[in-house]
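Lettering follows sequence order; numbering is per chain, from 1.
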Amino acid sequence: MAKKRMIQAINEALDGEMARDPKVVVFGEDVEISLFGDTRGLKDKHGAHRVRNMPISETVMSGMAVGAAAAGYKVVCHMMFGNFMYTGFDSIANQASKLRYMTAGQIALPIVYMGVFGGGRSAAAQHSDAMHPMIMNLGGIKVALPATPADAMGLLRSAIHDPNPVMFLQAAGRGGEQGEVPEGDHVIELGKASTVQEGDDVTVVAIGAMVRPAMRAAQELARAGIGVDLIDPRTVVPLDSEMILDSVRKTGRLVVVDEARDMCSAASHIAAICADQCFDALKAPIRRVTVPDVALPYSPPLEKALLPNVASISKAVRRLLGKAAEEGA
Amino acid sequence: MAKKRMIQAINEALDGEMARDPKVVVFGEDVEISLFGDTRGLKDKHGAHRVRNMPISETVMSGMAVGAAAAGYKVVCHMMFGNFMYTGFDSIANQASKLRYMTAGQIALPIVYMGVFGGGRSAAAQHSDAMHPMIMNLGGIKVALPATPADAMGLLRSAIHDPNPVMFLQAAGRGGEQGEVPEGDHVIELGKASTVQEGDDVTVVAIGAMVRPAMRAAQELARAGIGVDLIDPRTVVPLDSEMILDSVRKTGRLVVVDEARDMCSAASHIAAICADQCFDALKAPIRRVTVPDVALPYSPPLEKALLPNVASISKAVRRLLGKAAEEGA
Amino acid sequence: MSVASSDVNFSDEQMLGFYRDMLRIRRIEERIGDDAKAGNIPGAVHLYIGQEAVGVGFCSQLTDDDWIASTHRGHGHFLAKGGDSKLLMAEIYGRETGMCKGHGGSMHVADFSKGIIGANGIVGAGISIITGAAWAAQMDGKGAVGIAFFGDGAANQGVMCEALNVAVLWKLPVIFVCENNGFSEFSPSSTVTAGNIVDRAKPYGAAHEAVDGNDLIAVHQCAARAIKHARAGNGPSLIEARTYRLRGHVEAEVSFLGSKYRSDEEVAEWIARDPIPAFAKRVIDAGQASQADLDRIEAEIAAEVTEAVLFAEGSPYPDPATQGTNYMFA
Amino acid sequence: MSVASSDVNFSDEQMLGFYRDMLRIRRIEERIGDDAKAGNIPGAVHLYIGQEAVGVGFCSQLTDDDWIASTHRGHGHFLAKGGDSKLLMAEIYGRETGMCKGHGGSMHVADFSKGIIGANGIVGAGISIITGAAWAAQMDGKGAVGIAFFGDGAANQGVMCEALNVAVLWKLPVIFVCENNGFSEFSPSSTVTAGNIVDRAKPYGAAHEAVDGNDLIAVHQCAARAIKHARAGNGPSLIEARTYRLRGHVEAEVSFLGSKYRSDEEVAEWIARDPIPAFAKRVIDAGQASQADLDRIEAEIAAEVTEAVLFAEGSPYPDPATQGTNYMFA
Ligand SMILES: Cc1ncc(C[n+]2csc(CCOP(=O)(O)OP(=O)(O)O)c2C)c(N)n1
Ligand SMILES: Cc1ncc(C[n+]2csc(CCOP(=O)(O)OP(=O)(O)O)c2C)c(N)n1
Ligand SMILES: [Mg+2]
Ligand SMILES: [Mg+2]
């Protein structure tokens with residue numbers, strides 16, 4: 001194990017996969033110099049034909065990923081900010097997510113669409129969406145949202161190996177986050193959640209960047225005698241609903257923390273699954289800690305107030321356990 | 001009241017609003033001749049400047065709607081099939097849904113994006129998406145899904161009057177459907193659900209094209225002594241959650257029928273709201289009758305099997321009531 | 001014997017091959033049209049009838065390693081690139097034995113083993129996909145090319161310009177073939193398309209050429225130049241082939257359109273310029289074939305059509321119990 | 001006295017006005033840059049420094065009834081079109097008193113009452129929006145125009161071609177102003193842009209002109225022609241103004257980029273062509289103003305900058321208890 005920054009873990013995963021498999025290619029706007037650092041140095045190591053800067057043309061870009069993948073390459077298509085996906089959305093929503101199905105499995109489409117998502121840095125409405133629910137609803141695209149450097153490396157490797165389109169969403173501003181990363185070929189299977197912390201009183205499912213505040217909240221709650229079973233799904237497609245259901249069957253209570261806008265969020269969906277499949281185990285309402293249905297604001301205090309955080313997660317859990325009084329809320 | 005076809009009701013709503021308000025304009029691909037008939041005849045009546053054919057250029061089209069609305073027009077932008085929205089998605093997802101918010105309410109954006117959605121006609125994957133959940137998750141766009149000619153007329157009128165972007169989604173192939181439409185200026189407020197049928201045993205919320213099979217199922221279930229409270233939300237943004245919650249508080253049971261793919265569907269969200277806000281009233285798991293997470297197939301028997309229908313709705317209700325045995329399932 | 005048509009000599013066999021390829025598309029599609037009218041085909045059907053010379057002119061010079069991307073009007077390209085008529089017909093009939101096991105239908109016929117990326121229900125979508133496939137071909141370094149066929153309407157999708165730009169910069173072996181049939185659905189080109197489409201290549205410095213899309217030999221020669229250019233690593237071309245669809249935009253249109261969008265005279269004019277009879281005459285006039293040869297081809301194709309339809313009709317629908325949710329993920 | 005610069009005479013007052021408008025943008029943005037470096041500004045900041053002649057050249061000929069749409073680099077256009085510096089500064093500081101009450105920030109400053117549709121975080125997005133606004137202006141019939149400012153990078157978004165096509169067909173009063181500063185973020189134009197951007201108007205038959213974007217008078221004259229063309233109902237123009245951004249793509253770039261993407265020599269060359277000193281020299285050389293005049297303007301602007309910053313700094317942040325969820329729907 002070695003401590004690594006998130007962005008370094010991503011960079012090493014790309015580097016390692018490019019070294020292992022000559023079919024892996026990376027393209028996107030400014031991937032050569034690399035805005036976030038995740039693709040930095042790849043061109044020098046792996047050649048100008050495999051690491052290519054694109055013009056600002058998301059429409060053709062997202063579709064080129066489909067064509068190059070259909071023709072046998074493992075394509076990493078860097079969309080920079082997730083919001084720019086909308087500009088090239090047809091090839092994601094109508095092509096990548098459907099082409100294999102429409103042709104009855106004639107092809108595999110090993111594409112990784114990468115992008116930064118979510119708020120927290122005053123990037124304002126057009127650079128802060130959490131678009132994983134929308135992609136989930138498309139059905140044909142896997143979605144990975146790593147919460148730690150180790151998961152970023154392991155999930156990205158799996159995403160590149162995967163014969164299907166995978167949306168790999170990096171949390172905005174978390175590139176500098178440090179964490180232990182196993183040596184060697186660290187791979188994490190898509191569709192396997194992780195139990196961040198065990199507890200018996202309440203299940204908290206936290207997605208992507210929400211895992212960190214949820215962890216802090218869980219620690220704080222532990223001091224108050226509340227045991228949180230904290231689950232990080234790591235991928236929402238496939239979703240490890242079994243692990244979530246098992247946990248809720250144990251605790252009887254569920255809070256889902258999601259950085260998406262509330263309506264039709266991943267939180268909604270996880271809540272719906274549990275309200276359906278482990279209803280009898282439920283001792284309390286299912287709570288969602290999500291973003292209100294607004295485009296995120298720029299001003300730091302406004303933005304901060306709208307994003308889930310340690311306090312709002314704690315509060316939701318305490319209320320669920322009828323301990324609202326204790327926190328004076 | 002007079003019997004009218006759905007498409008005629010839509011056409012009359014457009015015609016009436018254009019006659020009333022010279023600021024109402026309609027544009028889109030082939031809106032002059034009109035593929036579906038909904039915009040037919042409008043050019044002759046209201047002039048070539050107010051009813052304009054667009055080149056096949058969804059990207060500029062969806063954005064022109066934003067600009068023309070910001071500049072004072074009430075813009076009806078016909079996207080033809082809902083799936084073509086993805087081609088012009090930036091202006092919907094990054095602009096129309098956010099511009100008012102980002103500018104702190106400096107402008108209103110009275111836009112109606114129209115399109116046909118959903119399956120049932122072997123239009124295959126790229127013409128059959130139900131994209132309302134994705135739009136719901138954007139937050140800044142209202143979404144209307146009329147189930148009857150009367151609602152189509154009333155909701156469309158309200159959508160045109162509304163100062164906000166509204167996605168008006170017509171169910172594929174339902175244009176010929178007949179129904180009674182009130183005379184005069186029939187308007188239905190956005191955000192008001194309708195109780196299609198009252199009952200005490202189970203609440204069924206059915207969206208858009210799903211209302212009809214849900215009604216048939218409810219009638220069938222009534223003969224078996226099962227009372228269905230059938231609710232058609234009519235708009236999912238705003239969502240009349242009060243009416244839904246009140247019903248579930250009465251019945252204790254909920255089945256949501258949605259033509260969207262299951263993951264992060266409107267069904268998921270409605271289920272999540274109820275699992276949160278009326279948990280104590282629930283006597284049984286919340287069930288979703290939705291489309292599996294696939295792109296819809298072309299072949300009629302395959303497609304039929306994947307869409308919710310009278311049988312699958314009935315079955316979900318019977319199972320919920322523990323009457324599975326009776327139907328031999 | 002061979003005919004010299006501006007520099008190119010085609011053998012009798014080649015000429016008959018072109019004729020066969022065009023006629024095969026025509027007859028198969030006529031049958032599809034009849035079947036659609038008879039209500040035997042689910043979904044929408046867009047026929048390529050009248051435009052066959054374009055698809056055949058290009059695809060007859062490609063191998064299975066070359067890629068094509070097509071449109072909603074894609075049967076012709078599928079067949080011209082070597083697609084199987086039985087598998088096509090069964091697909092359009094929505095049967096289990098179809099090329100896409102009934103999952104795709106008319107607008108999504110594809111055969112990746114033959115380099116047919118497929119028809120596409122989204123106007124313009126094939127342009128970006130083929131650009132990516134051409135990038136793959138370039139990296140493979142084996143001289144394969146990618147061709148996107150699309151309509152004049154699709155040329156107004158901004159993606160065409162994005163693709164021209166990147167293809168020129170990267171020198172991609174790609175050919176953008178715009179089949180200008182004069183209409184975007186029911187809108188005449190002049191009302192929705194400014195200027196000449198072929199000129200849109202110029203600002204990017206892409207090779208470009210306009211060609212009579214109803215003249216198979218002209219198309220073939222033009223295609224040969226563009227393909228050579230691409231295979232040689234010289235980058236993309238934009239070809240505008242002027243042609244006409246002799247059928248409706250979609251077979252069902254008469255039943256739902258309230259008015260006409262083109263005159264009978266215009267249609268008649270273009271029927272007179274139908275690429276297939278013109279080509280037949282040319283072959284016969286040049287003495288490269290006899291009427292008997294053509295009749296034999298006609299008969300062979302008739303047999304193929306019958307066989308394809310029998311195959312489709314005799315095939316089961318896919319079984320919802322085991323099909324329909326299988327292919328989302330590999 | 002007035003200077004005759006290819007046909008156009010500008011009064012002393014006008015010349016000083018141009019100078020003031022450019023310098024005002026410069027000084028306000030220099031301060032924004034300093035504040036960003038000092039960590040006083042949340043979010044990303046993209047400065048217009050070096051490109052002021054373009055925004056001023058165009059906007060000085062517009063009224064509040066004309067529309068402009070801008071980019072991520074939008075402060076200059078906002079100010080040139082009459083935006084208030086206090087409201088701008090407070091917005092960038094994220095304060096309640098900002099133009100957008102802190103909801104938008106640097107990339108979303110807008111003032112609809114002045115025809116400023118706003119900056120935009122999505123490259124190319126303003127192009128379609130302004131096309132719609134121009135359609136509205138056409139319907140209004142009062143001679144208003146719409147102008148989209150965008151970069152050379154944005155010119156590779158297909159939407160530019162879609163907009164040119166529809167604007168020509170509908171004869172929309174719209175001007176597409178491409179400010180070619182040589183870079184898409186960190187990619188030099190030559191690596192991402194094929195051919196000359198201005199030529200992209202040609203296939204559509206749109207009016208077009210290339211201009212030295214660092215020469216205010218040249219820009220002004222070019223703008224005058226395009227605006228006249230639009231107001232007269234003759235349709236769109238595409239203008240390519242060659243310029244350079246003297247600052248980074250984004251103010252923070254030195255802190256996160258691993259390498260340089262342009263040479264010091266190149267930057268020095270363009271500093272030598274800085275539009276503002278050049279214009280100052282021109283005014284003085286022509287005897288249209290004295291150094292004292294310029295100094296007075298400098299002092300006035302310094303006061304405005306100070307006032308704007310004090311206003312921003314002294315303003316409260318919006319209160320999350322009452323703000324933040326108010327403006328999604330009207
Ligand atoms: C993105 C998108 N927009 C609109 C449509 C609807 N549509 C189908 S075919 C067509 C016209 C296409 O015209 P053209 O590209 O000239 O091809 P043609 O039909 O003439 O062969 C349109 C508008 C679509 N399928 N996809
Ligand atoms: C759709 C979209 N893609 C990518 C980006 C990221 N981005 C922001 S500015 C920029 C470069 C823009 O270049 P240009 O249009 O030349 O404008 P300049 O920055 O030079 O003024 C890019 C790629 C974006 N904001 N939006
Ligand atoms: Mg056409
Ligand atoms: Mg630039």
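- Contact record, Phe112(C) with Ala70(A): CE2-CB, 3.9 Å, taken as the closest heavy-atom pair.
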- Worked verdict on Phe27(A) versus Val166(C) for side chain to side chain contact (heavy atoms under 4.5 Å, CB included): CA-CA 12 Å; Phe27(A) 78 132; Val166(C) 70; over 6 Å; no

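- One distance of note links CE of Met54(A) with CG of Asn165(C); it measures 8.5 Å at 0.5 Å rounding.
- Of the two parts of Ser97(A), only the backbone, made up of N, CA, C and O, holds a non-hydrogen atom closer than 4.5 Å to a non-hydrogen atom of chain C.
- The shortest heavy-atom contact between Glu162(C) and Glu58(A) is OE1-N, 4.1 Å.
- In this structure, the separation between CE on Met139(C) and NE2 on His49(A) is 8.5 Å, given to the nearest 0.5 Å.
- Taking all atoms of both residues into account, the shortest heavy-atom contact from His108(C) to Thr103(A) is O-CG2, 4.3 Å.
- Side-chain atoms of Tyr101(A) never come within 3.5 Å of backbone atoms of Phe329(C) as a donor-acceptor pair (strictly under, hydrogens ignored).
- Options Pro238(A), Gly140(A), Pro22(A) differ in how many heavy-atom pairs under 4.5 Å they form with chain C, and the most are formed by Gly140(A).
- Neither the backbone nor the side chain of Ala65(A) comes within contact range of chain C; no heavy atoms are under 4.5 Å apart.
- Taken to the nearest 0.5 Å, the CD1 atom of Ile129(C) stands 8.0 Å off from the CG atom of Asp90(A).
- Residue contact with chain C, scored on non-hydrogen atoms closer than 4.5 Å, involves the side chain of Val237(A) exclusively.
- In this structure, the side chain of Gln106(A) does not engage the main chain of Cys100(C) through any donor-acceptor pair within 3.5 Å.
- At a 4.5 Å heavy-atom cutoff, the contact between Met99(C) and chain A is made by backbone and side-chain atoms alike.
- Note that CD1 of Ile122(C) and CD of Gln95(A) are 6.5 Å apart. Values are rounded to the nearest 0.5 Å.
- In terms of heavy-atom pairs under 4.5 angstrom with chain A, the leader among Gly104(C), Ala330(C), Ala133(C), Ala136(C) is Ala330(C).
- In terms of heavy-atom pairs under 4.5 angstrom with chain A, the leader among Thr325(C), Val159(C), Leu169(C) is Val159(C).
- Nearest heavy atoms, Ser91(A) versus Ser128(C): OG-OG, 3.5 Å.
- Separation of atoms CH2 (Trp135(C)) and CE (Met64(A)) is listed at 6.0 Å; rounding is to 0.5 Å.
- Note that CZ of Arg100(A) is 10.5 Å distant from NE2 of His103(C), once rounded to the nearest 0.5 Å.
- Ranked by heavy-atom pairs under 4.5 Å with chain C, the first of Val66(A), Ile56(A), Ile107(A), Leu99(A) is Ile107(A).
- In terms of heavy-atom pairs under 4.5 angstrom with chain A, the leader among Asp140(C), Val109(C), Ile117(C) is Asp140(C).
- Heavy-atom distances place the side chain of Lys23(A), and not its backbone, under 4.5 Å from chain C.
- Of the residues considered (Asp162(A), Leu109(A), Thr59(A), Val25(A)), Thr59(A) shows the highest number of contacts with chain C, using heavy-atom pairs under 4.5 Å.
- Within the 4.5 angstrom heavy-atom criterion, only side-chain atoms of Asn120(C), from C-beta onward, approach chain A.
- Of the atoms belonging to Gln138(C), it is side-chain heavy atoms, and not backbone ones, that fall under 4.5 Å from chain A.
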